[in-house]
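Inspection log for the structure reproduced underneath, given as structure tokens.
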Amino acid sequence: MSMIRIELPDGAVKEVEKNIPAVELANQISRRLAKEALLASIDGRPVDLSTPLTQDARVQFHTFNDPLGQETYWHTTAHMLAQAVLRLRPDAKVSIGPPIENGFYYDFDTEPFKPEHLEELEREMAKISQENHATERIEMDRAEARALFEEMNEPYKLALLDDIPEDEAVSVYRQGEFTDLCRGPHIPRTGLVRHFKLLSSGGAYWRGDEKNKQLQRIYGVSYEKKSQLEERLRVLEESERRDHRTLGTQLDLYSGHPDVGGGLILWHPKGALTRHLIEEYWRERHLDGGYDFVYTPHIGKKALWETSGHLQFYAENMYAPMDMDGQEYFIKPMNCPFHILIYKSKLRSYRDLPMRFAELGAVYRYERAGTLHGMMRVRSFTQDDAHLFCRPEQMPQEIERTLRFCLDMLEAFGFDDFEVFLSTRPEKAVGEPEQWEAAQNALEAAIRNTGLPYERDEGGGAFYGPKIDVIIRDTLQRSWQCSTIQFDFNLPEQFDITYIGENGQPQRPYMVHRALLGSVERFFGVLVEHYAGAFPLWLAPVQAVVLPIADAHAEYAESVCRELKADGLRVETDARREKLGYKIREAELAKIPYMLVVGGREMESGQVSARSRHGENLGSMTPAELIKRMREEIEAKR
């Protein structure tokens with residue numbers, strides 16, 4: 001009997017018979033693990049539980065409690081959806097059906113789906129679950145796979161087959177009568193998927209290109225436990241209630257218009273005022289933080305973008321050139337080259353460093369129509385850019401300073417739950433290895449000094465430098481990527497920037513790109529959803545509204561409004577001849593933080609009767625007392 005040694009995640013080593021399936025090893029470890037495991041990893045490679053163990057290896061099992069287990073569970077559910085669609089629509093053509101964050105989708109070449117069609121598909125998926133089909137992996141050569149999908153008349157699978165690299169194995173998965181071209185892995189049986197919901201359907205272009213045929217996409221979710229599915233549906237319902245696109249219209253914050261074009265935002269007065277407040281705070285903090293503000297043009301000559309490398313590596317996201325004076329100009333997708341030219345505009349000394357240039361700079365990037373999404377994905381946006389230039393010995397302190405600055409700023413906007421990722425050197429990279437090591441060490445030390453947990457993304461850095469990404473979690477525990485601290489060993493070389501060192505010789509500075517909010521538009525959308533449109537007092541476009549009960553109280557209401565405005569507060573008076581209850585309800589829908597009711601009693605006492613937008617009665621107080629309360633709340637940024 002031939003034996004092999006298997007190392008487990010806890011360091012334990014088991015000797016097992018060669019060629020036993022991974023699930024048998026799970027059974028030897030514990031029956032519970034064998035019952036809960038959905039797939040395994042052999043030396044880091046995800047595989048089906050039926051995969052034989054052929055040599056010494058490190059093996060890990062994945063359940064629904066870890067991300068890889070969830071991803072595989074959702075992938076199998078996507079196959080169940082495709083199987084159900086083909087049962088109900090045999091003429092449909094299937095394309096791709098990947099797992100995504102918190103669920104899955106599958107695209108079909110067929111007629112559009114209506115809500116009642118999704119209900120029919122759910123019932124068919126329930127049958128597929130009850131039938132408890134085994135998922136079977138079959139490897140085959142390309143000719144065999146091509147013949148299979150030609151016979152099945154699946155043109156999209158044939159196109160996907162052509163995309164598979166020549167040195168990669170071709171595999172299909174079968175469950176019952178359904179066969180799909182797929183790398184896998186998959187969970188063992190369809191019967192493990194019992195709690196699922198098809199959420200929506202809509203159009204999606206093949207390969208995400210609007211020049212291609214529009215397919216029909218169905219989104220869904222699935223969970224091991226009914227309670228998990230119910231909680232997810234609750235969060236989705238709450239997410240829909242908080243959707244910044246709906247609230248943007250309801251609160252009159254912004255809009256788009258077909259005559260302007262997709263992904264181009266029109267800021268309305270209330271939205272623009274909140275944006276102004278965000279930007280003013282940003283400017284104030286950056287001045288205090290030792291940054292210098294710069295402004296740069298919206299276009300630049302072709303030669304600039306050739307030097308920066310954008311035309312070689314980023315052209316598909318840039319707009320077509322404009323011919324001016326016989327030369328080509330491009331609208332800018334990024335601000336970096338301009339900041340570098342400002343640095344290079346004069347001779348710099350080691351005494352001048354560090355230098356920190358910051359700009360709220362509008363940039364323009366081509367995004368496909370199918371990817372545009374409210375303020376979250378646009379074609380014109382304002383990037384809160386900063387570029388740092390420092391000496392090598394200053395770099396560790398500068399990185400920690402920058403990271404702490406980012407975290408402190410995000411906390412001021414109400415975010416205190418962070419995920420941090422450190423992306424390291426990929427195989428192909430510019431710059432010397434010792435530069436990379438020093439930069440990575442500085443980034444890692446900065447994260448550790450904040451006390452935040454973090455993950456290393458080995459090899460996940462850009463070719464020009466390592467980086468830190470800061471992910472924020474909102475009220476619903478959804479993740480949003482905001483701040484990035486990105487080293488760049490490439491552009492200083494391309495633009496040949498230097499400083500004169502203490503030895504009197506030119507030396508190359510370290511350069512760091514830093515985005516804090518990411519983009520003002522996207523961050524604004526995240527804020528809207530985080531607060532469900534009920535901005536904290538310091539960001540609310542209207543902080544209070546004075547509500548006279550009758551016409552006789554209108555003059556006093558105006559005097560209260562003037563007193564609060566004189567203190568710099570943003571206040572309105574609603575003197576319409578409407579019932580008080582109606583005006584209160586309108587103010588609540590507008591999510592105005594304070595409602596100040598005034599009637600005969602308030603006129604006599606020189607007070608207001610205050611209530612919050614949440615319906616809480618705050619009692620009577622003088623305008624001076626209210627101003628003090630509001631000022632304290634604004635200063636605390638609660």
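Numbering starts at 1 and runs along the sequence shown.
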Check ion pair [X]-[Y] (N to O, under 4.0 angstrom):
| X | Y | value |
| --- | --- | --- |
| R245 | D243 | yes |
| R242 | D474 | no |
| D163 | R207 | yes |
| E238 | R241 | yes |
| E444 | R448 | yes |
| E367 | R377 | yes |
| R508 | E493 | yes |
| R478 | E101 | no |

Heavy-atom pair of closest approach, residues [X] and [Y]:
| X | Y | answer |
| --- | --- | --- |
| H268 | S255 | NE2-OG, 2.8 Å |
| A439 | P466 | CB-CG, 3.8 Å |
| F389 | H339 | CZ-O, 4.3 Å |
| R365 | P333 | NE-O, 2.8 Å |
| L589 | Q250 | O-NE2, 3.4 Å |

Aromatic ring pairing [X]/[Y], orientation class (parallel under 30°, perpendicular over 60°, tilted between):
| X | Y | value |
| --- | --- | --- |
| H310 | Y314 | perpendicular |
| H286 | F293 | tilted |
| F415 | H530 | tilted |

Would one find more than 12 heavy atoms of other residues, nucleotides or ligands at under 6.0 Å from atom [atom1] of [X]?
| X | atom1 | result |
| --- | --- | --- |
| E240 | CD | no |
| K344 | NZ | yes |
| E316 | CD | no |
| D259 | CG | yes |

Report summary line: In R379, H298, K332, the residue satisfying side chain to side chain donor-acceptor pair (under 3.5 Å) with Y364 is H298

Any donor-acceptor N or O pair under 3.5 Å, side chains [X], [Y]:
| X | Y | result |
| --- | --- | --- |
| Y205 | E210 | no |
| E419 | S479 | yes |
| T424 | Q440 | no |
| Y343 | H387 | no |

Working to the nearest 0.5 Å, report the span between [atom1] of [X] and [atom2] of [Y].
| X | Y | atom1 | atom2 | result |
| --- | --- | --- | --- | --- |
| I299 | Y319 | CD1 | OH | 15.5 Å |
| R514 | F405 | CZ | CZ | 6.0 Å |
| D385 | M334 | CG | CE | 9.0 Å |
| I485 | L403 | CD1 | CG | 4.5 Å |
| Y106 | S95 | OH | OG | 6.5 Å |
| Q70 | S222 | CD | OG | 9.5 Å |

Is the backbone N or O of [Y] less than 3.5 Å from a side-chain atom of [X], with the two atoms forming a donor-acceptor pair by type?
| X | Y | value |
| --- | --- | --- |
| S483 | L516 | yes |
| R356 | G290 | yes |
| R631 | D567 | yes |
| S612 | Y594 | no |
| D352 | R348 | no |

Do [X] and [Y] meet the cation-pi criteria used here (NZ or CZ under 6.0 Å from the six-membered ring centre, within 45° of the axis)?
| X | Y | value |
| --- | --- | --- |
| K302 | F330 | no |
| R217 | Y105 | yes |
| R456 | F421 | no |
| K213 | W206 | no |

Report summary line: Between F524 and the options W267, Y254, F381, the ring-ring contact (aromatic ring centres under 6.0 Å, His included) test singles out W267

Query raised in the report: Does D457 reach the side chain of L422, with side-chain heavy atoms less than 4.5 Å apart?
Result: no

**Report entry** Ring centers of F413, Y281 separated by less than 6.0 Å
**Finding:**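 Yes - the distance between ring centres of F413 and Y281 falls below the 6.0 Å cut-off.
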
Query - Close aromatic pair by centroid cut-off 6.0 Å: F489 and W436 - result: yes

**Report entry** D109 and Y156: CA distance, side-chain angles, deciding distance, side chain to side chain donor-acceptor pair (under 3.5 Å) verdict
**Finding:** CA-CA 9 Å; D109 188 351; Y156 299 99; 2.7 Å; yes

